[in-house]
Amino acid sequence: MTFPNPSVRVDCRAVVNPEKCPTPVDVTVGGCQDSVLVDLGDAYLESLGRIVQLDVTVKNVCPGKRVALAMILTEVDQNGMEYQRGMKAFTLPAHSFPTCRDVLVKCVKFVLPEDLDVSGKSPRSLCGKRNLKVRVIAHNIDTDYRCCEAVVTL
């Protein structure tokens, strides 16, 4: 008795094709014609989006303390419902100034594709406004506190 040699093929790649190929329009240029005039109809801008760039100042950062910083971006629809649009987390390095100081964090970027727009306007246009909310969370990573003889590596 012989058995077939089975094999299994697994493809773990995720493939995303965000834009479909446009539908072709047939055009014929006649013999001995050196030009043709064709109205192709409407064409829309594709894959529209916006980039939101944010700055924040973290106040009163003590010397020698790293800071964990998070920015959470949501979009608000006309009914006040919020939709997640992104979250970023950063470690701000410790500074060595002699006293506490403000630390400016610049150019934190979020991408807002128009296909996620909840304003009720056309997703094929950048003409409508989008209402966003940004929440910022910051706290010290490093502390002088030691709990009952605990060993902590800094």
Side-chain angles (χ1 to χ4, degrees), residues 7-27 36-154:
S7 65
V8 176
R9 182 176 178 201
V10 178
D11 185 0
C12 296
R13 293 178 291 149
V15 177
V16 177
N17 295 312
E19 295 179 350
K20 297 177 184 173
C21 284
T23 304
V25 176
D26 294 327
V27 175
V36 66
L37 178 60
V38 178
D39 181 355
L40 296 176
D42 296 333
Y44 292 95
L45 299 171
E46 294 187 39
S47 301
L48 296 177
R50 305 167 200 222
I51 297 173
V52 176
Q53 185 170 296
L54 305 168
D55 296 347
V56 66
T57 300
V58 181
K59 305 294 282 182
N60 300 314
V61 177
C62 292
K65 307 282 187 196
R66 293 172 299 160
V67 172
L69 175 72
M71 289 185 173
I72 301 108
L73 182 68
T74 58
E75 184 169 5
V76 183
D77 69 12
Q78 54 274 51
N79 299 318
M81 294 289 300
E82 288 187 52
Y83 300 84
Q84 295 177 352
R85 293 297 176 252
M87 189 274 304
K88 291 194 172 190
F90 305 94
T91 301
L92 306 184
H95 70 81
S96 58
F97 283 77
T99 61
C100 291
R101 68 179 306 209
D102 298 345
V103 175
L104 175 62
V105 179
K106 293 183 61 81
C107 301
V108 178
K109 291 171 270 317
F110 288 88
V111 177
L112 292 175
E114 287 303 303
D115 64 353
L116 295 179
D117 182 0
V118 294
S119 70
K121 304 291 189 257
S122 170
R124 293 183 171 187
S125 170
L126 290 175
C127 297
K129 71 177 185 176
R130 294 179 69 177
N131 297 310
L132 308 172
K133 288 188 179 186
V134 181
R135 291 174 173 86
V136 178
I137 300 170
H139 63 82
N140 286 329
I141 294 172
D142 303 312
T143 178
D144 298 332
Y145 175 76
R146 300 294 175 263
C147 180
C148 303
E149 309 298 325
V151 177
V152 176
T153 303
L154 297 178

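Numbers for residues simply follow the sequence, beginning at 1. None of these values were measured; they are calculated from a predicted model.
In the displayed structure, F97 atom CZ is contacted under 6.0 Å by at most 12 heavy atoms of other residues, nucleotides or ligands. For L104, the CG atom counts as densely surrounded, since its 6.0 Å shell holds more than 12 non-hydrogen atoms of other residues, nucleotides or ligands. Around atom CD of Q53, more than 12 heavy atoms belonging to other residues, nucleotides or ligands sit under 6.0 Å away.
K59 pairs by the side-chain hydrogen bond (donor to acceptor under 3.5 Å, both in side chains) definition with D102, not counting sequence neighbours. When the side-chain contact (heavy atoms from CB on, under 4.5 Å) test is applied to D26, no partner is found at least two apart in sequence or on another chain. Every side-chain contact (heavy atoms from CB on, under 4.5 Å) that N131 has, sequence neighbours left out, goes to V76, K129.
Formation of a donor-acceptor pair under 3.5 Å by the D39 side chain with backbone atoms of G41 is found in this model. Under a 3.5 Å cut-off, the side chain of N60 and the backbone N or O of C100 do not form any donor-acceptor pair. Within the 3.5 Å criterion, the main-chain N or O of T143 finds a donor-acceptor partner in the side chain of R146.
Looking at V61, V103, V105 one by one, the single match for side-chain contact (heavy atoms from CB on, under 4.5 Å) with V67 turns out to be V61. Tested against T74 for a side-chain contact (heavy atoms from CB on, under 4.5 Å), the candidates M81, R85, K133 yield a single pass: K133.
Between V134 and L54, the closest side-chain pair of non-hydrogen atoms falls below 4.5 Å. Two residues are said to be in side-chain contact when any heavy atoms from C-beta on lie closer than 4.5 Å; L116 and R130 meet this criterion. Two residues are said to be in side-chain contact when any heavy atoms from C-beta on lie closer than 4.5 Å; L69 and V56 meet this criterion.
How far CG of L73 is from CG of L132: 5.5 Å, rounded to the nearest 0.5 Å. Note: E114 CD to S47 OG = 11.0 Å, rounded to the nearest 0.5 Å. Between atom NE2 of residue H95 and atom NZ of residue K65 there is a gap of 10.5 Å, rounded to the nearest 0.5 Å. Note that CG of L112 is 9.0 Å distant from CG of D117, once rounded to the nearest 0.5 Å. Atoms CD and CD, on E82 and E75 in that order, are 10.5 Å from each other to the nearest 0.5 Å. Put simply, NZ on K20 and CD on E46 are 10.5 Å apart, with the number rounded to the nearest 0.5 Å.
Residues I72 and M87 approach most closely at CG1-CG, 3.7 Å, considering heavy atoms. The nearest pair of heavy atoms linking K88 to V108 is CD-CG1, 3.9 Å.
The pair D55-K106 meets the salt-bridge criterion, with a side-chain N (NZ, NE, NH1 or NH2) lying under 4.0 Å from an Asp/Glu carboxylate O.
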